[in-house]
Trainee: 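Below is a structure I'd like to ask you about.
From a predicted model like this one, the values you see are computed outputs, not experimental measurements. Sequence positions, counted from 1, serve as the residue numbers for this chain.
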Amino acid sequence: MNLGAEEEPAPDIHLPADIDWQMLDKSKFFFLGAALFSGVSATLYPVVVLKTRQQIAHAHLSSVKTAVNILRHEGFRGLYRGFGTSLMGTIPARALYMTALEVTKSNIGTATVRMGLPEPMAATIANASAGVSAALAAQLVWTPVDVISQRLMVQDNSSCSDASKYRGGIDAFRKILRSDGLRGLYRGFGMSILTYAPSNAVWWASYSVAQRLVWDGLGCYYYCKKDDDGSKGASVGHRPDSKTVVAVQGLSAAMAGGMSALITMPLDTIKTRLQVLDGEENGKRLPTVGQTVRTLVREGGWSACYKGLGPRWASMSISATTMITTYEFLKRLSAKRQENLT
């Protein structure tokens, strides 16, 4: 059963069948997925560094100024600070994410269709539920990796204390564990769930809706084009080529990524602030979520909660476009019987 937004978006368009969990060669899926998404992470990592630096800065700096400062004082390597640690965590986190995503989407989709819900609504619910479960599964691995990599990203920043100088990912892991215990590695876990669970739900639901709307629009275009050619009502529908399919997927993903970034940006800023803080110093306890919000508001009003929105919007939109086109390509490469999917 196909619950993707691709199925029957308009009467004049016939698209390739979607690939569900049961149709995948799992070993190929995970092996190729690790390689493809590692490349995507490497490409987008500098944007994540810029976003993180902006979020923890007390003064407002544009993305360009932040990038210039990093290049001037730290060189090109500064844009990839903490990347090794991030990459090590990306592979298992992505594996958990993709497994939870596909299994949940398949099961919830089947259940909602059996309940009698229309296909579009069933697809939206299945995609949103899959996004939440995927985020929950991935954060079990990703939160400690995120804490360590973000500490490495900002350690040369003027807002960081000398205690946060690390010689690498392993050194950061040991120091955080020694000073804060396991709890330190999972600092911001609750905020991560509150950020990424709704973000993923919004993204996958928006992607489903956006893709259906785009295909409906193209369906109307092809229908009108046939009418102009004097062939209105032809029995054979239009079959778009692979480039068109990829373009629609990419556009829908970018729209969904931008929407998700805008909605969840304040939560991401608070989470980042909490995760880059060191343990108790000078007898002072670490700030709570409420105190962090008040600090941000003092620094620049409520707009301070949107520090780094530009890089995050760009990162999520570009990442979403790259991710979904790579993901769909990965599923077709990993399909057990590709000849039946063309």
Trainee: Decide yes or no for Y45 and M153: does some side-chain heavy atom of the first lie under 4.5 Å from some side-chain heavy atom of the second?
Mentor: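 They are in side-chain contact.
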Trainee: When you measure from the side chain of S260 to the backbone N and O of S199, does any donor-acceptor pair fall under 3.5 Å?
Mentor: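 Indeed, once roles are kept as given, a pair shorter than 3.5 Å links the two residues.
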Trainee: Can you list the steps and then say if R273 with L296 is a side chain to side chain contact (heavy atoms under 4.5 Å, CB included)?
Mentor: CA-CA 9 Å; R273 284 285 183 110; L296 282 167; 3.5 Å; yes
Trainee: For the CZ atom of F30 and the CE atom of M98, what is their distance to the nearest 0.5 Å?
Mentor: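 So the CZ of F30 and the CE of M98 are separated by 6.0 Å.
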Trainee: For atom OH of Y327, decide whether the heavy atoms of other residues, nucleotides or ligands shown that lie under 6.0 angstrom number more than 12.
Mentor: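 Atom OH in Y327 is packed in, count exceeds 12.
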Trainee: Is any side-chain heavy atom of F173 less than 4.5 Å from a side-chain heavy atom of I176?
Mentor: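 With C-beta onward as the side chain, the pair stays apart.
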Trainee: For A254 and T321, work out which heavy atoms get closest and say how close.
Mentor: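 Looks like CB-OG1, 3.3 Å.
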Trainee: CE/M88 to CD1/I148 distance, rounded to the nearest 0.5 angstrom?
Mentor: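 If we round to the nearest 0.5 Å, M88:CE and I148:CD1 are 8.5 Å apart.
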Trainee: Report yes if the side chains of Y196 and K271 come closer than 4.5 Å at any heavy-atom pair, otherwise no.
Mentor: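 Side chain of Y196 against side chain of K271, heavy atoms only: contact under 4.5 Å found.
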Trainee: At what distance, to the nearest 0.5 angstrom, does OH of Y97 lie from CH2 of W142?
Mentor: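 Going from OH on Y97 over to CH2 on W142, the span is 13.0 Å.
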Trainee: Should D268 and K51 count as side-chain neighbours, where that means a heavy-atom distance under 4.5 Å?
Mentor: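 Yes, at least one pair of side-chain atoms sits under 4.5 Å.
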Trainee: Are V245 and L251 grouped together when hydrophobic residues (ILVMFWY) are joined by side-chain heavy atoms under 4.5 angstrom apart?
Mentor: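 In one cluster with V245: L251, yes.
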Trainee: Among L101, N107, I108, T104, which residue meets the side-chain contact (heavy atoms from CB on, under 4.5 Å) test with S133?
Mentor: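 With S133 as partner, side-chain contact (heavy atoms from CB on, under 4.5 Å) holds for just one option, T104.
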Trainee: Testing T124, V214, N127 for side-chain contact (heavy atoms from CB on, under 4.5 Å) with V209, which one passes?
Mentor: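 Among T124, V214, N127, the one meeting side-chain contact (heavy atoms from CB on, under 4.5 Å) with V209 is T124.
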Trainee: Any side-chain heavy atom of S149 within less than 4.5 Å of one from R81?
Mentor: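 They are not in side-chain contact.
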Trainee: At their closest point, which heavy atom of N200 faces which heavy atom of A135, and how far apart are they?
Mentor: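 Shortest heavy-atom contact: ND2-CB, 3.7 Å.
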Trainee: Donor-acceptor pair, distance only, cut-off 3.5 Å: does the side chain of S86 make one with the backbone of G82?
Mentor: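 Answer holds: no.
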Trainee: More than 12 foreign heavy atoms under 6.0 Å from NZ of K65: is that the case here?
Mentor: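 No.
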Trainee: How far does CD of E119 sit from CZ of R212, to the nearest 0.5 angstrom?
Mentor: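 Between E119 CD and R212 CZ, I get 6.5 Å after rounding to 0.5 Å.
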Trainee: Can you tell if the side chain of T322 reaches within under 4.5 Å of the side chain of T43, non-hydrogen atoms only?
Mentor: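 Not in contact.
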Trainee: Using side chain to side chain contact (heavy atoms under 4.5 Å, CB included), reason through V141 and L96 one step at a time and then give a plain yes or no.
Mentor: CA-CA 9 Å; V141 174; L96 283 172; 3.6 Å; yes
Trainee: I'd like to check F189 versus L140 (side-chain heavy atoms, cut-off strictly below 4.5 Å). Are they in contact?
Mentor: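 Yes, at least one pair of side-chain atoms sits under 4.5 Å.
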Trainee: Hydrophobic clusters here meaning ILVMFWY residues chained together by side-chain heavy-atom distances under 4.5 Å, can you tell me if F83 and L50 are in one?
Mentor: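 Yes; L50 is reachable from F83 via cluster members.
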Trainee: If we only count heavy atoms from C-beta on, is the K331 to E102 side-chain gap below 4.5 Å?
Mentor: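 Result yes, sub-4.5 Å side-chain heavy-atom pair found.
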Trainee: Mark yes or no for whether S317, through its side chain, and A314, through its backbone, hold a donor-acceptor pair below 3.5 Å.
Mentor: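 No.
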Trainee: Quick check: is V103 connected to F29 through a chain of hydrophobic side chains (ILVMFWY, heavy atoms under 4.5 Å apart)?
Mentor: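 Same cluster.
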Trainee: Rounded to the nearest 0.5 Å, what's the gap from OH on Y80 to CZ on R77? Could you check?
Mentor: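 It is 13.5 Å, given to the nearest 0.5 Å.
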Trainee: Could you see if V47 belongs to whatever hydrophobic cluster contains V68? Use Ile, Leu, Val, Met, Phe, Trp, Tyr and a side-chain cutoff under 4.5 Å.
Mentor: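 Not linked; separate clusters.
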Trainee: Tell me if a side-chain donor or acceptor on S334 pairs with a main-chain N or O of L330 at a distance below 3.5 Å.
Mentor: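 Judged by distance alone, yes, a pair lies under 3.5 Å.
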Trainee: For T112 versus A122, what's the shortest heavy-atom pair and its separation?
Mentor: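 Taking every non-hydrogen atom into account, OG1-CB, 3.3 Å.
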Trainee: I would like to know whether R72 and N69 meet side chain to side chain contact (heavy atoms under 4.5 Å, CB included); could you show each step before the answer?
Mentor: CA-CA 5 Å; R72 180 181 299 164; N69 286 338; 4.3 Å; yes
Trainee: Does A256 offer a backbone N or O that forms a donor-acceptor pair with the side chain of S206 under 3.5 Å?
Mentor: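 No, because the side chain of S206 does not come within donor-acceptor range (under 3.5 Å) of the backbone of A256.
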Trainee: Provide the closest heavy-atom pair for A201 versus V132 in the form atom of the first, atom of the second, distance.
Mentor: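 Closest heavy-atom pair between A201 and V132: CB-CG2, 3.6 Å.
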Trainee: As an exercise, state the distance from CH2 of W313 to CG of L262, rounded to the nearest 0.5 Å.
Mentor: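 Interatomic distance, W313 CH2 to L262 CG, rounded to 0.5 Å: 5.0 Å.
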Trainee: Assigning hydrophobic clusters by single linkage (Ile, Leu, Val, Met, Phe, Trp, Tyr; side-chain heavy-atom cutoff under 4.5 Å), is L71 placed with V48?
Mentor: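 Shared cluster, yes.
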Trainee: Taking atom CE as the centre, does M265 end up with more than 12 heavy-atom neighbours from other residues, nucleotides or ligands that are less than 6.0 angstrom away?
Mentor: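 Count over threshold, so yes.
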Trainee: Can you see which heavy atom on G78 is nearest to which on V49, and at what distance?
Mentor: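 The answer is O-CG1, 3.9 Å.
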Trainee: Is there a donor-acceptor contact under 3.5 Å linking the side chains of R312 and T264?
Mentor: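 R312 vs T264: donor-acceptor pair found between side chains.
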Trainee: If you take all heavy atoms of V145 and G89, which pair is closest and at what distance?
Mentor: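 Taking every non-hydrogen atom into account, CG2-CA, 3.6 Å.
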